[in-house]
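Side chains included, hydrogens not; waters and symmetry mates left out as well; all remaining heavy atoms used. Per chain, numbering begins at 1; letters A, B, ... match sequence-line order.
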Amino acid sequence: MIQFTNTLTRAKQEFIPMEPGKVKMYCCGPTVYNFAHIGNLRTYIFEDTVRRMLEMNGFEVTHVMNITDVGHLESDADEGEDKMEKGAQREGISPWEIARKYEETFFNDLERLNIKRPTRTPRATEHVVQMIELIKKLEERGYTYTRPSGVYFDTSKFATYTELARLDLAGLQAGGGGRVDHNPDKRHPNDFALWVLNKPRHAMQWESPWGRGYPGWHIECSAMSMQYLGATFDIHCGGVDHIPVHNTNEIAQSEAATGCQFVRYWLHGEFLQMGESKMAKSADNFITLQTLVDEGYDPLAYRYLCLQAHYRSELKFSFESLDAATVGLRKVYATKAENDPLSSEQAFHDASEEVLAAINEDLGIPQAVGLLNRYSSYRLWTYFDAVMGLRFEERTQKAPETLPEDVAELARQRDAARKEKNWLLSDSIRQQLIELGYEVGDSPAGTTVKKRSL
RNA sequence: GGCGCCGUACCCAAGUGGCUAAGGGAGAGGUCUGCAAAACCUUUACUCAGCGGUUCGAUUCCGCUCGGCGCCUCCA
């Protein structure tokens with residue numbers, strides 16, 4: 001039995017897809033105006049394990065992730081400057097080039113983290129027609145009102161607006177501490193733009209029945225998810241920050257348009273904590289995957305770190321814990337194929353049932369990792385790498401490498417020095433080899449040298 | 001002002017109404033070694049922020065206090 005904590009009910013529920021054997025899943029993707037940071041990537045790793053776990057259970061998963069390449073306003077206070085344009089100004093290239101550039105680096109990050117490429121990754125700019133159709137439908141059904149600044153969704157017309165986030169609208173309106181900008185065009189503070197009008201400085205614009213403008217940032221997820229997955233689909237994933245606004249609005253506009261349930265299971269990943277606060281692109285305190293690589297870390301060590309924390313708990317990031325994960329993963333890769341502790345079929349079967357049960361209970365990846373470490377079985381690691389995604393076999397079954405000649409020569413010199421008990425020389429050669437990035441050891445056969453894998 | 005999350009050993013982090021509170025890292029001791037590295041073995045929370053309550057029994061449920069964080073504006 002598979003169980004997920006469904007944000008809709010705030011309870012663990014058995015997962016049963018609409019169509020036997022098939023799962024339709026949508027995940028909020030990146031806004032491609034800058035590098036993804038490792039906090040963003042934590043969420044994509046979580047979503048990847050959801051998909052992999054479903055596949056291990058025999059489901060055929062259709063995984064859709066949007067690419068947000070339409071710029072949206074920085075805030076209501078900003079006049080016309082959006083993220084895509086901000087990035088474009090920063091780098092002196094067009095918004096379209098910015099979008100393609102960061103889309104590419106995003107996919108590159110996924111690859112390095114061994115995150116499976118989603119089945120489809122539709123771009124918002126290529127689905128403006130579908131968004132307009134959806135807004136038209138909402139307009140026909142009387143859920144919208146149009147003002148000079150745009151077409152808005154009237155949240156007061158959607159009775160279950162507060163359901164997902166359990167919002168207290170009165171409370172939201174009472175406080176705010178000055179953080180909420182009051183847009184005088186909105187009837188209710190929670191109403192949101194479906195189509196934005198009269199922002200001439202905005203670079204990306206399209207014609208629409210309401211005039212030239214661009215889509216509001218929630219509508220793309222509704223339009224694209226329903227196009228590729230249907231009016232109702234099984235799973236929608238995202239970060240916890242999306243619950244009160246983005247996902248809430250997605251539900252409202254989707255269900256108002258179709259009259260049927262939008263998503264059956266909502267799964268939300270918690271944040272990565274950087275020191276005292278969350279990592280944020282706007283705060284400039286973010287670390288990219290490339291930063292980690294530049295510091296000499298293996299992307300999969302970061303993946304391993306993430307696997308050790310439950311997706312619904314905050315994870316405190318530090319280089320100390322990344323170091324710990326690196327050493328830990330190195331030991332995982334050192335698991336020997338010989339003398340497997342689970343040599344009997346019965347033992348292997350029992351152990352894999354135990355690990356799968358952990359994984360299937362609300363994605364208990366951390367417990368599963370704990371079990372895999374405890375069993376320390378090559379067979380078991382190999383089997384469950386389908387979910388863990390640590391490239392276990394690839395990293396453990398590396399073909400014996402051919403050493404560069406200078407390295408081999410140093411090793412020979414060291415053997416000679418050791419034979420003469422010239423410890424001073426042999427130790428200095430060892431140091432040289434280590435600095436070249438090799439692991440050096442002594443065996444009865446002489447110096448052993450191998451490239452450090454991570 | 002509203003909504004929500006969290007507080008487990010030096011660090012990261014699982015987990016459970018009651019058998020020995022996972023796992024990883026680090027530390028300590030040992031085997032091995034010319035010395036190391038690696039590996040292996042042993043070891044490290046009578047306790048789960050504090051105080052009350054429910055209970056035969058709570059770290060796990062409830063309340064309060066203290067502390068940390070997130071969202072309510074774009075945000076994974």
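Using a 4.0 Å heavy-atom cutoff across all strands shown, His242(A) reaches sugar-phosphate atoms only and no base atom. As judged by a 4.0 angstrom heavy-atom cut-off over every strand, Ala334(A) is placed among residues making no nucleic acid contact. Counting any heavy atom pair closer than 4.0 Å across all strands shown, Phe46(A) reaches no nucleic acid atom. Residue Gly269(A) is classed as having no contact, given no heavy-atom separation below 4.0 Å to the nucleic acid. Residue contacts shown for Asp323(A) are absent, as no nucleic acid heavy atom lies under 4.0 Å away. Using a 4.0 Å heavy-atom cutoff across all strands shown, Leu41(A) reaches no nucleic acid atom at all.
The gap from the P atom of C32(B) to that of A37(B) amounts to 15 Å, rounded to the nearest Å. Between C61(B) and G68(B), the distance separating the two P atoms is 23 Å to the nearest Å. When the P atom is used for both A22(B) and C74(B), the distance is 45 Å, rounded to whole Å. Between A58(B) and A49(B), the distance separating the two P atoms is 15 Å to the nearest Å. Atom name C1', nucleotides A38(B) and C12(B): the rounded distance is 24 Å, in whole Å. With C1' as the reference atom, C11(B) and U44(B) are 14 Å apart, rounded to whole Å. Comparing U33(B) with C46(B), their C1' atoms sit 40 Å apart, to the nearest whole Å.
Contact of Asp442(A) with A36(B) (side chain to base): a donor-acceptor pair of N or O atoms is detected under 3.5 Å. Judged by distance alone, with hydrogens and angles left aside, Arg312(A) brings no side-chain donor or acceptor close enough to the base of C6(B) to form a pair under 3.5 Å. Between the base of A36(B) and the side chain of Arg430(A) there is a donor-acceptor pair shorter than 3.5 Å. Contact of Asp241(A) with G4(B) (side chain to base): no donor-acceptor pair of N or O atoms is detected under 3.5 Å.
Minimum atom distance to the side chain of Thr43(A) is reached by A76(B), of the listed G25(B), A76(B), C71(B). The side chain of His310(A) sits closest to A14(B) out of G25(B), G34(B), A14(B). Which of G34(B), G25(B), A22(B) sits closest to the side chain of Arg374(A) comes down to A22(B). If you check C71(B), A13(B), A76(B) against the side chain of Leu272(A), the one that comes closest is A76(B). Comparing G15(B), A76(B), G23(B) by their nearest atom to the side chain of Asn373(A) picks out G23(B). Side-chain proximity of Arg414(A) to the nucleotides G34(B), G70(B), A13(B) is greatest for G34(B). The side chain of Leu305(A) sits closest to C12(B) out of G25(B), A14(B), C12(B).
Straight-line distance from the CD atom of Gln273(A) to the C1' atom of G68(B): 9 Å, rounded to whole Å. Counting to the nearest Å, the C1' atom of G34(B) and the CG atom of Asp415(A) are 14 Å from each other. Atom pair Glu320(A):CD and G24(B):C1' shows a separation of 13 Å (rounding to whole Å applied). Rounded to an integer number of Å, the gap from OH of Tyr311(A) to P of A13(B) is 17 Å. The OH-P distance, from Tyr333(A) to G24(B), rounds to 17 Å in whole Å. Here the C1' atom of nucleotide A37(B) and the CD atom of Glu439(A) are 8 Å apart, to the nearest Å. Between Asn247(A) atom CG and A76(B) atom P the separation is 12 Å, expressed in whole Å. Rounded to an integer number of Å, the gap from Phe271(A) CZ to C69(B) P is 15 Å.
With a cut-off of 3.5 Å on both pairing distances, the Watson-Crick or G-U wobble partner of G70(B) is C3(B). The partner of G34(B) cannot be assigned: no Watson-Crick or G-U wobble pair with both contacts below 3.5 Å exists in any strand. Checking A49(B) for Watson-Crick or G-U wobble geometry (two distances, each under 3.5 Å) identifies U65(B) as its partner. Under the Watson-Crick or G-U wobble criterion, with both distances below 3.5 Å, A28(B) is paired with U42(B). Of all nucleotides present, none satisfies the Watson-Crick or G-U wobble test against U60(B) with each distance under 3.5 Å.
Here Trp423(A) packs flat against the base of G34(B); its ring centre is closer than 5.5 angstrom to the base's six-membered ring, tilted by less than 30 degrees.
Using a 4.5 Å heavy-atom cutoff, the side chains of Thr288(A) and Thr105(A) are not in contact. Annotation: side chain of Glu163(A) is not in contact with side chain of Ile251(A) (no heavy-atom distance under 4.5 Å). A 4.5 Å side-chain heavy-atom check between Leu292(A) and Phe319(A) finds at least one atom pair inside the cut-off.
Under 4.0 angstrom from either OP1 or OP2 of C12(B) there lies at least one side-chain N or O belonging to Lys316(A). Using a 4.0 Å cut-off, some side-chain N or O of Gln367(A) falls inside it from OP1 or OP2 of G15(B). Taking only side-chain nitrogens and oxygens, Lys331(A) comes nearer than 4.0 Å to OP1 or OP2 of G25(B). For Asn40(A) and A76(B), the shortest distance from a side-chain N or O to OP1 or OP2 is below 4.0 Å. OP1 or OP2 of A14(B) has at least one side-chain nitrogen or oxygen of Ser313(A) nearer than 4.0 Å.
Between Ser376(A) and Gly238(A), the residue whose closest nucleotide on RNA chain B is further toward the 5' end is Ser376(A). The 5' end of RNA chain B is approached more closely, in terms of each residue's nearest nucleotide, by Val440(A) than by the other of Val440(A) and Ile38(A).
Defined by atom type and a distance below 3.5 Å, a donor-acceptor pair is missing between the side-chain atoms of Tyr33(A) and Asp69(A). Side chains of Tyr378(A) and Thr396(A): a donor-acceptor N/O pair is present below 3.5 angstrom, by distance only. A side-chain donor from one of Gln290(A) and Arg112(A) sits under 3.5 Å from a side-chain acceptor of the other. With no hydrogens or angles considered, a side-chain donor-acceptor pair links Tyr145(A) and Asp191(A) at under 3.5 Å. Counted by atom type alone, Thr155(A) and His188(A) present zero donor-acceptor pairs between their side chains at under 3.5 Å.
Under the salt bridge (Lys or Arg N to Asp or Glu O under 4.0 Å) test applied with Asp298(A), the options Arg330(A), Arg303(A), Arg395(A) reduce to a single match, Arg395(A).
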